[in-house]
Amino acid sequence: MISELLTVPQAMAALQVSRWTVYNLIRSGELGSIVVGARCRRIPTTALNDYITRLCEEAA
């Protein structure tokens, strides 16, 4: 199964945060990502949805 992959700028727009914040989320393991080829970082939409779901559950 192939999920949609987002670029870092697309993830930034979806979360309305900075590039720095997205990379910090990736480094901390809070937001899953993959590397395609040598340097192309992509965020699966499922990882983004999981992150948002966790935030909503923590806020409740």
Side-chain angles (χ1 to χ4, degrees):
M1 179 174 153
I2 297 176
S3 65
E4 184 177 343
L5 300 175
L6 303 174
T7 63
V8 170
Q10 289 171 324
M12 289 167 46
L15 294 172
Q16 297 182 1
V17 297
S18 68
R19 176 181 299 271
W20 183 84
T21 300
V22 171
Y23 279 111
N24 275 340
L25 290 170
I26 291 169
R27 275 188 219 102
S28 70
E30 293 182 68
L31 180 61
S33 70
I34 60 171
V35 177
V36 179
R39 300 181 64 191
C40 297
R41 174 89 40 197
R42 297 293 181 261
I43 296 99
T45 54
T46 54
L48 189 64
N49 290 333
D50 291 346
Y51 174 69
I52 293 168
T53 300
R54 280 194 310 275
L55 288 178
C56 290
E57 289 172 353
E58 289 172 6

Trainee: Quick check for you: to the nearest 0.5 Å, what is the distance between Leu55 atom CG and Glu30 atom CD?
Mentor: 7.5 Å
Trainee: For the residue pair Ile43 and Ala11, what are the closest heavy atoms and their distance?
Mentor: CD1-CB, 4.0 Å
Trainee: As an exercise, state the distance from CG of Leu31 to CD1 of Ile52, rounded to the nearest 0.5 Å.
Mentor: 9.0 Å
Trainee: Could you pull out all donor-acceptor pairs under 3.5 Å where a side-chain atom in residues 32-40 meets a protein atom, sequence neighbours excluded?
Mentor:
| residue | atom | partner | partner atom | Å |
| --- | --- | --- | --- | --- |
| Ser33 | OG | Arg41 | NH1 | 2.8 |

Trainee: Can you list every side-chain hydrogen bond (donor to acceptor under 3.5 Å, both in side chains) pair that touches residues 48-60, not counting sequence neighbours?
Mentor: none
Trainee: Closest approach of Thr7 and Gln10, non-hydrogen atoms and distance?
Mentor: N-OE1, 2.8 Å
Trainee: Looking only at heavy atoms, what is the nearest atom pair of Arg42 and Leu5, with distance?
Mentor: CB-CB, 3.9 Å
Trainee: Listing request: all side-chain hydrogen bond (donor to acceptor under 3.5 Å, both in side chains) pairs with a residue in residues 12-26, at least two apart in sequence or in separate chains.
Mentor: Ser18-Thr21, Asn24-Arg27
